[in-house]
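What follows is one structure encoded as structure tokens, with my remarks underneath.
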Amino acid sequence: MSEIANCILDVLPEVLSKVLNVNKESVKLLIESGKLRITSTPDPKLGDYGISLHVLLKTIEKDKWEDIGSVLSEELYTVTRDKCWVEKVNFINGYVNFTVNYFNMLEKLVDSFIKGNLREELTSIGKGTKVIVEHTSANPIHPLHIGSGRNSVLGDTYARLLRKLGFDVETRFYVNDLGRQVAILAYGVKVLESKNISRPKDFKPDHWYGVIYALTHIIIELSRLREEVNHELSKFLDLCANLCMNILSEERAESIPREMMFAICEITWKRNLKIEALRYARFLYTKLKQMKNMGSNDVFGLLLKTLENLKNKVKEYSEYVKAERRLALYYPDIYNALRSGIKDHKEAEVEISKLMSLAEKEDPNTVSLFRRISEDVLEGFKQTLQNINIYFDGFDFESSNEILNEAHNVVNELLKTNYVKIVEGGAVEVDLNAASKDHDYIKNLFRPDQAGRFIIRRSDGTTLYITRDIAYTLYKFRKLKAERVYNVIAIEQAREQKQLKAVLYMLGYSKEAENLHHFAYEMVHLKGMRMSGRRGIYYTLDEMLVDNKLLILQKLMEKERTPDVTKLANIAEKIAVANTRGVLLSVDPGKVLVFDPRKISEMEYGVIVEYAFVRAQGIIRNLWNLEFLDDQSEVLSEALELTKKIYKTDLSIEEKKLVESLARFKNILIESYNEMKPNKILEYAVSLSLDFNKFYEKHPIISERDESKKSLRILITILTLIALSELMDIMGFPKLRKM
RNA sequence: GGGCCCGUAGCCUAGCCAGGAUAGGGCGCCGGCCUUCGGAGCCGGAGGACCCGGGUUCAAAUCCCGGCGGGCCCGCCA
């Protein structure tokens, strides 16, 4: 498309200036500014590509358009016919439309795909540039869920795309093993180990630790919330006592509903008689809400606020209770051990803080405990990811000396700049507001928002996540020799990623700052369910894969009379991988992905592509008894032979559509890379598959009697096969032979 | 309070940055093709306020302004 378009645009100024009697330069300007551009027509009957000329025609009376139009199309046809593969030019209400010669287009594709310069064309984009893609990097505290799955699939697909485009790609997983969350988990593990409970061999490690983390967190939170609820409750009871004593004696008493007065006093008088204070609280809350004007004044305002706080706390409490009950039921041993081992939240907080500071001070026992846990969980991650064809070139631990030491260096280096200082209390703060006054680069990063300030070293001398992240970024550029870095990280971290760039710039690494890219993606929401790792509520990638596999297996078995279950399960698993990756890839990274597990059977992006691929292979198999996946070079040389047998002919609508679709291949890859939107690869693969299905349905291939037509169709099939194969490489889809 | 992103049929989604003709797909629904290369397919159909209101323009889903609805960010958390 683009080559044809550029070709036409090249000759356009000359012709238009001649026919319409306008300045050639101004036409060039219109093209540059995009006012004159080539688009696909809405209907192939009109032609294939068109240009709207209304900008130029608006000064001319409408009844003269037709005459001018026919002269124009004639002129355009003579200049574009040979060099731009144009077959026909016509003028329809202000548009000049071009009909493309698809036969020539097909010849061009054969040159590229089969004679073999496609690979060079693609790899010339990356030219071996060293690129680090960091992705997934989930906290090692619970299994990967579909949120982390989106990260993994986007990251892995993008990395694969970059490789295809000739970049020297290294994928890294950053292990956040120093945070509070890992410390909570470690605390829980210590409690369990003191009670001699350890992981059964068949319990997948990430899931095992996920339960421990959730239960530990829940038990601590419940203890804290109980205290807070009681605190709010006594505040509420005190207020009631006050109200009962004072307000009722004032003249205002008249304006207060009687039932409310009674309730307030009843609460007060029964305070020490084992009452259900929460019930009264709820009653008063609804009453107060109804009396809007009452809520806004003094005492009642305070009461309403207290009740609101109470309500929120109770709600949070009951959510945790629900989560606790669920996990306690399924994992009674873990629950009992933790429940009895954790006294209250205060003690737990102390223990957790102790673990955190020991880890940061590199206490050997603590570090090895954290490492052991993280590595166990990572083992689970690797299994999961391996199932969907995702592998890493390396794992980098936040707790490594390399990162920790570098983090402290970074703080010291930054202290030498004008924008970083020790603030009251002793913490070190970076003032990006000050920095952006002097440096437009920093200002523009955050614009139109304020750049803000942030702490990079606590008053106790320990570093923070961002400090270590800065160190890690430097590590990627200096140690790993990255020329460019992509961080596949949730969009919620956009601010932190900008801070990272700003600090890099301040440290004098302006080139690195420019080459650091945040590949941002939006969250995944589960329909009708709020995922929360802390409460142990998530839809894991492992489950998703199994759910998918079961559904597909069911369908496969329905089709066969005597199903070979092992064989079919194997196929089902592969399709499940394609479908799972497909769903997670299907939506623009910038948009929230809403996922409904009940509709998993409808998410069939993977299957569509697999099916087209299998079908196309079948044709080659029947034709030459060749396996495309094993005998590619034979297939290609047979294809070359075919090119000799075809002569120029018109293509059918389906053939044209498929050829046109194939011609977009290279551009799609480049677009997808430039815009950091790997979802475009899937979208394209699906539409290519659909076009192929339609082509296949309409035309006999092997049984076609006309040798030329037959050869042409086989060629188109092979081109599709090559394109799909490449696309599946990029998307990490398994390549099925049969299904 | 400040900033960013999103809003397209019952559901999901592309198009928006670089405005152009009849808004492209998928799921689901209804009706056909009981299969000459594998039917997880193909053909046809119903279903649309492109969130609302203004503006710019020959032309607005697309650009600008103002709303509404949803998500996210503004920690000595990670």
Side-chain angles (χ1 to χ4, degrees), chain A residues 32-37 39-43 46 50-59 62 92-95 97 139 141 176 178-182 398 423 425-429 446-450 452-466 468-469 490-496 498 520 522-523 525 527 552 555-556 558-559 575 583 586-588 590-596 599 601-605 607-608 610-612 614-623 675 679-680 683-684 686-687 690 693-694 696-704 713-714 717 738-739:
Chain A
E32 267 168 51
S33 65
K35 296 268 184 203
L36 276 178
R37 49 193 294 243
T39 52
S40 304
T41 60
D43 190 324
L46 298 167
I51 305 172
S52 151
L53 296 176
H54 301 85
V55 216
L56 294 167
L57 294 171
K58 65 181 170 188
T59 53
K62 279 224 165 144
I92 309 163
N93 9 284
Y95 296 86
N97 291 336
N139 285 337
I141 49 170
N176 305 127
L178 265 192
R180 205 189 141 67
Q181 295 181 313
V182 181
E398 194 180 14
V423 293
V428 178
E429 186 190 68
F446 293 89
R447 214 175 49 169
D449 205 358
Q450 289 286 305
R453 306 170 219 267
F454 62 98
I455 303 288
I456 49 164
R457 193 172 74 194
R458 295 192 187 92
S459 43
D460 68 2
T462 58
T463 57
L464 287 98
Y465 173 78
I466 180 141
R468 285 168 245 138
D469 206 7
I491 198 156
E492 56 189 12
Q493 295 210 48
R495 191 168 199 90
E496 192 260 6
K498 286 178 185 172
E522 263 288 1
M523 300 280 79
H525 290 305
K527 202 150 213 168
I552 295 161
K555 277 192 191 172
L556 284 172
E558 277 166 21
K559 274 174 55 182
I575 298 178
V583 180
S586 64
V587 179
D588 185 308
K591 292 191 180 180
V592 176
L593 173 59
V594 184
F595 181 76
D596 187 347
K599 289 192 177 166
S601 62
E602 293 172 12
M603 316 285 185
E604 299 192 307
Y605 301 103
V607 118
I608 293 172
E610 293 287 350
Y611 184 64
V614 165
R615 256 187 164 176
Q617 283 178 92
I619 294 167
I620 302 304
R621 193 177 296 127
N622 289 334
L623 183 67
E675 297 170 22
N679 57 310
K680 292 200 164 179
E683 201 198 309
Y684 173 65
V686 169
S687 89
L690 293 175
N693 280 340
K694 283 170 194 167
Y696 175 95
E697 194 73 24
K698 273 276 157 70
H699 305 291
I701 298 172
I702 296 176
S703 52
E704 170 62 49
R713 288 178 192 155
I714 296 167
T717 304
K738 293 181 179 180
M739 59 188 266

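These numbers come from the heavy atoms of this one structure, side chains and all, not from hydrogens, waters or symmetry mates. Each chain gets a letter, A, B and so on, in the order the sequences are listed, and its residues count up from 1.
Taking atom CD of residue A/E697 and atom P of nucleotide B/A40, one finds them 11 Å apart after rounding to whole Å. Between the C1' atom of B/G38 and the CD atom of A/E610 lies a distance of 15 Å, rounded to the nearest Å. For the pair A/L53 CG and B/G20 C1', the computed distance is 11 Å after rounding to whole Å. Across the protein-nucleic acid pair, A/K698 atom NZ and B/C33 atom P stand 16 Å apart, rounded to whole Å. Atom OH in A/Y696 sits roughly 14 Å away from atom P in B/C43 (whole-Å rounding). Atom pair A/F595:CZ and B/C11:P shows a separation of 18 Å (rounding to whole Å applied). At whole-Å resolution of the value, CG in A/L36 and C1' in B/A59 are 14 Å apart.
Atom-to-atom distance recorded for A/H525:NE2 and A/F595:CZ is 14.5 Å, nearest 0.5 angstrom. Separating the CZ atom in A/R180 from the CD1 atom in A/I141 is a distance of 11.5 Å, to the nearest 0.5 Å. A/I456 contributes atom CD1, which lies 9.0 Å from atom CG of A/L464 (distance to the nearest 0.5 angstrom).
Proximity of a side-chain donor or acceptor of A/H54 to a complementary backbone N or O of A/N93 within less than 3.5 Å is detected. Judged by distance alone, the side chain of A/R458 and the main-chain N or O of A/T463 form a donor-acceptor pair under 3.5 Å.
Here A/E610 pairs with nothing under the salt bridge (Lys or Arg N to Asp or Glu O under 4.0 Å) rule; sequence neighbours left out. A search for salt bridge (Lys or Arg N to Asp or Glu O under 4.0 Å) contacts involving A/K58 returns nothing, not counting sequence neighbours. In this structure, the ring-ring contact (aromatic ring centres under 6.0 Å, His included) partners of A/H699, at least two apart in sequence or on a different chain, are A/F695.
Base contact: A/T41 has a heavy atom under 4.0 Å from a base atom. Counting any heavy atom pair closer than 4.0 Å across all strands shown, A/K680 reaches sugar-phosphate atoms only and no base atom. As judged by a 4.0 angstrom heavy-atom cut-off over every strand, A/L556 is placed among the base-contacting residues. As judged by a 4.0 angstrom heavy-atom cut-off over every strand, A/V594 is placed among residues making no nucleic acid contact. Among the heavy atoms of the strands, none lies under 4.0 Å from A/G452. Within the 4.0 angstrom heavy-atom criterion, base atoms lie near A/V607. A/I575 comes within contact range of at least one nucleobase, with a heavy-atom separation under 4.0 Å.
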Going 5' to 3' through nucleotides 62-78 of chain B and flagging B where a protein heavy-atom sits under 4.0 Å of the base, S where only the sugar-phosphate is that close, and - otherwise, we get ----------SS--BSB

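With a cut-off of 3.5 Å on both Watson-Crick or G-U wobble distances, the partner of B/A21 is given as none. Across all strands shown, B/C16 remains unpaired; no Watson-Crick or G-U wobble contact has both distances below 3.5 Å. Partner assigned to B/G47 is none, using Watson-Crick or G-U wobble distances below 3.5 angstrom. Applying the Watson-Crick and G-U wobble criteria (two distances, each under 3.5 Å), B/G1 pairs with B/C74.
Put simply, the side chain of A/R37 does not reach to within 4.5 Å of the side chain of A/I51, judged on heavy atoms. Side-chain contact between A/I92 and A/N97: present, with at least one pair of heavy atoms (C-beta onward) separated by less than 4.5 Å.
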Sort me out a list of protein N/O and nucleotides 22-24 of chain B N/O pairs below 3.5 Å, or just none if empty.
| from | atom 1 | to | atom 2 | distance (Å) |
| --- | --- | --- | --- | --- |
| B/U22 | O4 | A/D43 | OD2 | 3.2 |

If you restrict it to nitrogen or oxygen atoms, what contacts under 3.5 Å exist between nucleotides 25-27 of chain B and the protein, and what is each distance?
| from | atom 1 | to | atom 2 | distance (Å) |
| --- | --- | --- | --- | --- |
| B/C27 | O2' | A/E602 | OE1 | 2.7 |
| B/C27 | O2' | A/E602 | OE2 | 3.3 |

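Spacing of P atoms, B/C34 relative to B/A40, comes out at 16 Å, to the nearest Å. Rounded to whole Å, the separation between the C1' atoms of B/G41 and B/U35 comes to 10 Å. Across the C1' atoms, B/U8 and B/G48 are found 8 Å apart, a figure rounded to whole Å. For B/U62 and B/U56, the P atoms lie 15 Å apart once the distance is rounded to whole Å. Nucleotides B/C51 and B/G7, compared at atom C1', are 6 Å apart to the nearest Å. Comparing the same atom, P, in B/G15 and in B/C6 gives a spacing of 11 Å after rounding to whole Å. The separation of B/C52 from B/G10, taken at their P atoms, amounts to 14 Å, rounded to a whole angstrom.
Taking the side chain of A/V55 as heavy atoms from C-beta on, and the options B/G19, B/C37, B/C58, the nearest nucleotide is B/C58. Closest to the side chain of A/N97, from the set B/G38, B/G3, B/A21, is B/A21.
Between A/K591 and B/G7 there is a side-chain polar atom (N or O) within less than 4.0 angstrom of OP1 or OP2. Applying the 4.0 Å criterion to OP1 and OP2 of B/C58, one finds that A/N93 has every side-chain N and O outside that range. Note on A/R37: every side-chain N or O is 4.0 Å or more away from OP1 and OP2 of B/G19. A/K559 has no side-chain polar atom (N or O) that falls below the 4.0 Å cut-off from OP1 or OP2 of B/G39.
A donor and an acceptor atom never sit less than 3.5 Å apart when one is taken from the side chain of A/K58 and the other from the base of B/A59. A donor and an acceptor atom never sit less than 3.5 Å apart when one is taken from the side chain of A/N693 and the other from the base of B/A40.
Residue A/E675 places its CD atom among more than 12 non-hydrogen atoms of other residues, nucleotides or ligands, all under 6.0 Å distant.
Remark: ring of A/H54 stacked against base of B/G20; centroid gap under 5.5 Å, plane tilt under 30°.
Comparing A/K555 and A/L593 along RNA chain B, the residue whose closest nucleotide (by nearest heavy atom) sits nearer the 5' end is A/L593.
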Taking it one step at a time, do A/R468 and A/E398 satisfy salt bridge (Lys or Arg N to Asp or Glu O under 4.0 Å)? CA-CA 7 Å; A/R468 285 168 245 138; A/E398 194 180 14; 2.6 Å; yes

